Amino acid sequence: MANRTDPSAKSIRGTNPQNLVEKIVRSKIYQNTYWKEQCFRLTAETLVDKAMELDYIGGTFGGNRKPSPFMCLVMKMLQIQPEKEIVIEFIKNDDYKYVRILGAFYLRLTGTDTDVYQYLEPLYNDYRKLRRKLADGNYALTHVDEVIDELLTKDYSCDIAMPRIKKRWTLEATGSLELRKSALEEDFEEEEEKEENDQLDGMDDEIHDRDYYRGRSPVRERDRDRRRDSHRYRDHDYDRDYDRDRDYDRERGHGRERDRNRDRDRDRDRYRLRDEKDLGRDRGRDRRERDRGRRRSYSRSRSRSRDREGGDNRKRHGRSSMSPRRRDGHDEHGTREESKKKKEKKEKKTDGTDHPDPEIAEANRLRASLGLKPLKM
């Protein structure tokens, strides 16, 4: 009977409120001495007195995982299910910080998403110290705002699984929750206003000093207005001329691009024809070189055979007497002229003017007139 939920209590998240605490932890709480002695027959009014006696928060601790009085009171609130106004009064209590944490913890387990953000986020401004009992039995120092952040962001707190809630930006997008307003926003606005006023005061002082030293004569103001008007008209004329020049440059650019493309196509055709002509000339030159090489090899073979025959004749007639022509001076002169003609003929042959290719022969004649060596092609 002592562990049964109040018959007038409503189900939370579709289940018995006490089922929000896991069964193992719940059974340990039912077996705890603090639960049996201090939490028996507590009501919403008398629960506040027990909450004021708390001096630390925590879950289970020690070797046998003994539950803390804080968890026992949370379990009692789930059992009796106090009204929402009482829980809100717990949260707004500024004198007893552990009472505030107890109300915030219960609201996090049973409240809606909007109520959780609406009533727990203002507690971020509470920086009072709290004692927390760890699982090994030792104490650690924490603060109220850290516990609130743990309730809003973590999945577990004091060995109890926290129900899932929607993210704040999701509730803001649906219009269920207003934008969060920081407590320091007013201070920031005051600082910004103060800085703006200081800047304006500094600018006013500077303008006043400048006007004081320069003076504000009507003639000077008239000249300044005239210069401003002239600059305005000049800028207008410049913009108009700039737009007209830009349109003209755009049209010229299109025509210039067409001419450039036409010249590029014409140069490409010219280079292709020149390459084809050079290729044909190279092929003809290669063919002529092959023919010339064949003729040279044939002439070399004939000259070798003649030299071989002439050597035999010289060996055969080496001891014979000199030709009668050499004895006569007239014959000797004629022989000299014949040898001179043969030499000139040989020189003409060697200067390349008798080349079978008319282009090469013409080039060799030109090179011979300039005193250059003939083309040996």
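Being a predicted model, the structure only gives us computed values, none of them experimental. Heavy atoms only: backbone and side chains are in, while hydrogens, waters and symmetry mates are out.
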So which atom in [X] and which in [Y] form the shortest heavy-atom distance, rounded to 0.1 Å?
X	Y	result
Cys158	Met71	O-SD, 3.5 Å
Arg128	Asn93	NH2-O, 4.2 Å
Tyr119	Ile91	O-CG2, 3.8 Å
Thr5	Leu78	CG2-O, 4.3 Å
Ser68	Tyr56	CB-CE1, 4.0 Å
Ser176	Thr114	O-CG2, 3.7 Å

Counting only heavy atoms from other residues, nucleotides and ligands, does the tally under 6.0 Å from [atom1] of [X] exceed 12?
X	atom1	result
Glu178	CD	no
Tyr96	OH	no
Leu366	CG	yes

Does a salt bridge link [X] with [Y], judged by any charged N lying under 4.0 Å from a carboxylate O?
X	Y	result
Asp126	Lys97	no
Lys154	Asp149	no
Arg132	Glu146	no
Arg365	Glu362	yes

Verdict with reasoning, Ile86 to Leu47, per side-chain contact (heavy atoms from CB on, under 4.5 Å):
CA-CA 11 Å; Ile86 297 176; Leu47 183 65; over 6 Å; no

Short question: side chain of [X], backbone of [Y] - any donor-acceptor pair under 3.5 Å?
X	Y	answer
Arg108	Pro163	yes
Asn32	Lys28	no
Glu22	Ala161	no

### Message
Pair Tyr124, Leu152 - check side-chain contact (heavy atoms from CB on, under 4.5 Å), show working.
### Response
CA-CA 11 Å; Tyr124 275 123; Leu152 293 176; 3.4 Å; yes

Phe70 ring center near Phe105 ring center (under 6.0 Å)
yes

So salt bridge (Lys or Arg N to Asp or Glu O under 4.0 Å) across residues 112-121, not counting sequence neighbours, yields Lys84-Asp115, Glu121-Arg168

When you look at Gln38 and Leu73, which way does the side-chain contact (heavy atoms from CB on, under 4.5 Å) test go after all the steps?
CA-CA 9 Å; Gln38 305 297 329; Leu73 293 179; over 6 Å; no

To the nearest 0.5 Å, atom CG of Leu151 lies from atom CD1 of Ile101 at 7.0 Å

#### Entry: Candidate pair Lys76 and Gln79, rule side chain to side chain donor-acceptor pair (under 3.5 Å), full reasoning
CA-CA 5 Å; Lys76 192 63 179 181; Gln79 185 181 14; 3.3 Å; yes

task: I would like to know whether Ile57 and Lys133 meet side-chain contact (heavy atoms from CB on, under 4.5 Å); could you show each step before the answer?
output: CA-CA 6 Å; Ile57 63 172; Lys133 202 163 191 176; over 6 Å; no

Indicate yes or no: at least one non-hydrogen side-chain atom of Tyr106 is less than 4.5 angstrom from one of Pro82.
yes

